[in-house]
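Single-structure report; data block below.
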Amino acid sequence: MTRFNTALYAALAITAGSFALNGGTAPAFVSVAQAQEQVTEVDTSTIVDMVQGAEDAPVTMIEYASYTCPHCANFHADAYKKLKADFIDTGKVKFIYREVYFDGPGLWASMVARCGGTDKFFGITDLIFAGQSQWTRAGSPAAIADELRKIGRLAGLESEKIEACLQDGTKAQTLVTWYQENAEADEVTATPSFILNGEKVTNQPYASLKALIDAELAE
């Protein structure tokens, strides 16, 4: 389980959105002081939650995860698939995925995932987590950005659309502020973390998580 300092990582994650069209550069980071000043002026109402499952499901589960977190990738490779089959696809759980930003690459990955809209978000998320060990180790920031572009294209996004998403500095700042507000409201200090019908739950084996959900359904 990866732990983080909310204010510190929010500051580190904000980018200027200055990608070159041919992958020549990656975003530059602003200072902590600049980030703290900027996030106080951002309206986060334009950011939508990414949701799977029935809107009226008896159980609501929120996952907080970072695309650069290995524990999150492990969860999505195994437990998430079981959760989806057992509870999300059967209408028992409304699943909400909320991104956490440890670093620039995690934010860039989020911007690519959201570039496909609600229809493609979870499919792109699966590709990002499946390829995490490759794109996170690509080398320079520019190389990492290029690997994320490849994932976007693999998901069927046009190159021009990917560039527009990655260059959207306003969206980047809004996402970071949105994440910080959510993490503070739900007292999230590690990833992956879960909120199950309003109660915080730490990462744990799927059998334990399933038992908690079954208990909620039995009430």
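FYI, the numbering just counts along the sequence from 1.
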Basic-acidic side-chain contact under 4.0 Å: [X], [Y]:
X    : Y    : result
D186 : K200 : no
D146 : K150 : no
E158 : R153 : no

request  = Please determine, by modelled atom types, if Q132 and H76 share a side-chain donor-acceptor pair under 3.5 angstrom.
outcome  = no
inquiry  = Checking T125 against Y67: is there a side-chain donor and acceptor pair closer than 3.5 Å?
reply    = yes
inquiry  = Apply side-chain contact (heavy atoms from CB on, under 4.5 Å) to residues K92 and V59 and explain how you reach the verdict.
reply    = CA-CA 6 Å; K92 298 175 182 177; V59 173; over 6 Å; no
Is there a side-chain contact between [X] and [Y], using heavy atoms and a 4.5 Å cut-off?
X    : Y    : result
F75  : H71  : no
L212 : E216 : no
Q134 : E147 : yes
L166 : R149 : yes

Could you pull out the closest heavy-atom pair between [X] and [Y], with the gap in Å?
X    : Y    : answer
I128 : W135 : O-NE1, 2.9 Å
S66  : F102 : OG-CD1, 3.1 Å
C165 : M111 : O-CE, 3.1 Å
C115 : L157 : CB-CD1, 3.9 Å
W108 : L148 : CB-CD1, 3.8 Å
F129 : A73  : CD2-CA, 3.5 Å

query = With a distance cut-off below 6.0 Å to the six-membered ring centre and an angular limit of 45° from the axis, does R114 pair with W178 as a cation-pi contact?
reply = yes
request  = Walk me through it: do V201 and I195 pass the test side-chain contact (heavy atoms from CB on, under 4.5 Å)?
outcome  = CA-CA 6 Å; V201 177; I195 307 296; over 6 Å; no
How long is the straight-line distance from [atom2] of [Y] back to [atom1] of [X], given to the nearest 0.5 Å?
X    : Y    : atom1 : atom2 : value
Y64  : T189 : OH    : OG1   : 12.0 Å
I162 : I151 : CD1   : CD1   : 10.0 Å
T90  : K84  : OG1   : NZ    : 10.0 Å

request  = Please confirm whether the backbone N or O of S193 pairs with a side-chain atom of T191, one donor and one acceptor, at under 3.5 Å?
outcome  = no
Main-chain N/O of T202 paired with Q204 side-chain donor or acceptor, under 3.5 Å = yes
task = Could you give me the CA-CA distance, side-chain angles and deciding distance for Y206 and D78, then say whether side-chain hydrogen bond (donor to acceptor under 3.5 Å, both in side chains) is met?
result = CA-CA 8 Å; Y206 178 68; D78 183 29; over 6 Å; no
inquiry  = As a quick check of understanding, evaluate side-chain contact (heavy atoms from CB on, under 4.5 Å) for E99 and L107, giving each step before the final call.
reply    = CA-CA 8 Å; E99 303 96 296; L107 175 59; over 6 Å; no
query = When you look at F95 and F194, which way does the ring pair (Phe, Tyr, Trp, His ring centres under 6.0 Å) test go after all the steps?
reply = CA-CA 10 Å; F95 179 78; F194 308 93; 7.9 Å; no
ask   = With a 6.0 Å cut-off on ring centres, are F121 and Y97 close enough?
value = yes
key: Test applied, side-chain contact (heavy atoms from CB on, under 4.5 Å); reference residue, E184; option that passes from Q180, E181, E187   = Q180
request  = Tell me, with the steps shown, if L83 and M61 meet side-chain contact (heavy atoms from CB on, under 4.5 Å).
outcome  = CA-CA 10 Å; L83 174 73; M61 180 176 178; 3.8 Å; yes
With sequence neighbours excluded, residues passing side-chain contact (heavy atoms from CB on, under 4.5 Å) with K94 = V51, E55, A57, T60, I96
